[in-house]
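Residues: numbered from 1 along the sequence shown.
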Amino acid sequence: HIVGGTVSVPDARYNDLKAYVGGSGTLKTHRVAGSDRFSTAAAIARDMKARKGTPSTVLIANGADNTKFFDALALSPIAAQNGYPIVPVSATSVPSASESILREFKPSTVIIGGGPNTVGSSVKSRLKSITGKNPEQWYGNDRYSTAAVIAGKAVDTKGWLTADAVGVAAKLPDALTGGSMVGKKDGVLLVTDGSKLSAAPKSWITSHRREIYECFVFGGVKSMTPAVKSQIDSAL
């Protein structure tokens, strides 16, 4: 599965993949792409619908500002486990491709990951106007507490996930690949500073430690120091 157009993932990389697996004529590929990140996300949502049916819930996150991507990644275990698409917006607007998906899916529940500085009140109002539903907005004071709030809501409020498995990441690429994996284990993704265990994930792990069966630390020692792993072990 290739996500993104040829500008993002050139055909040359597809040829590399064929060479790596030795599948000159047998490798089947499925490219999901649009003209930009928002239409690509819409294409992904439609692909999910084709495979799993129309979702009852849509997850909203800021997909325009790369400093806000951790909120979407904190939502990714919910998406992976339940088949709920993540529909990106900006802090101040709902792109046309995202609006089209919302009108097409008519979700009964709309969840916003991130606070008012990430997804503003005008966007929340616009989402309500489009869907006819009052969106829930899950957030904390920073990326660390927002991820912890999302984990708590997913486990304790909605029952969409469990605390059996927990993933912890400090860098975006690690969270990107780890979030889906831990989500398929019915678990949650927490975010921390790479040099010390942040207060929000520490508190979440401590309060759920009797439920946690396995914990994954995503990334090498340059992403997350051994001291952080030791602090996670202590919290467990």
Which heavy-atom pair separates [X] from [Y] by the least distance, and what is that distance?
X: Val89; Y: Pro95; value: CA-CD, 3.8 Å
X: Ile86; Y: Ala41; value: O-CB, 4.3 Å
X: Leu75; Y: Ala61; value: CD1-CB, 4.1 Å

Query raised in the report: Can Asp11 and Arg31 be counted as an ion pair, charged N to O under 4.0 angstrom?
Result: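 Salt bridge present between Asp11 and Arg31.
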Query raised in the report: Pairs in or reaching into residues 220-236: which pass salt bridge (Lys or Arg N to Asp or Glu O under 4.0 Å), with residues at least two apart or in two chains?
Result: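 Of all non-adjacent pairs touching residues 220-236, those that pass salt bridge (Lys or Arg N to Asp or Glu O under 4.0 Å) are Lys229-Asp233.
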**Report entry** Donor-acceptor side-chain pairing of Ser90 and Ser93 below 3.5 angstrom
**Finding:**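 Judged by distance alone, the side chains do pair up.
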Report task. Please check if the side chain of Asp36 supplies one atom and the backbone of Phe38 the other of a donor-acceptor pair under 3.5 Å. Result ->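 At least one qualifying donor-acceptor pair exists.
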**Report entry** side-chain hydrogen bond (donor to acceptor under 3.5 Å, both in side chains) pairs, two or more places apart, involving residues 109-129
**Finding:**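 Qualifying pairs: Glu99-Arg126.
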Using a 4.5 Å cut-off between side-chain heavy atoms of Ile, Leu, Val, Met, Phe, Trp and Tyr, which other residues end up in the same hydrophobic cluster as [X]?
X: Tyr213; result: none
X: Val7; result: none
X: Met181; result: Phe69, Phe70, Leu73, Tyr144, Leu172, Leu176, Val182, Leu189, Val191, Phe216, Phe218

**Report entry** For Ser145, side-chain hydrogen bond (donor to acceptor under 3.5 Å, both in side chains) partners two or more places apart
**Finding:**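 Counting only residues at least two positions away or on another chain, Ser145 forms a side-chain hydrogen bond (donor to acceptor under 3.5 Å, both in side chains) with Asp142.
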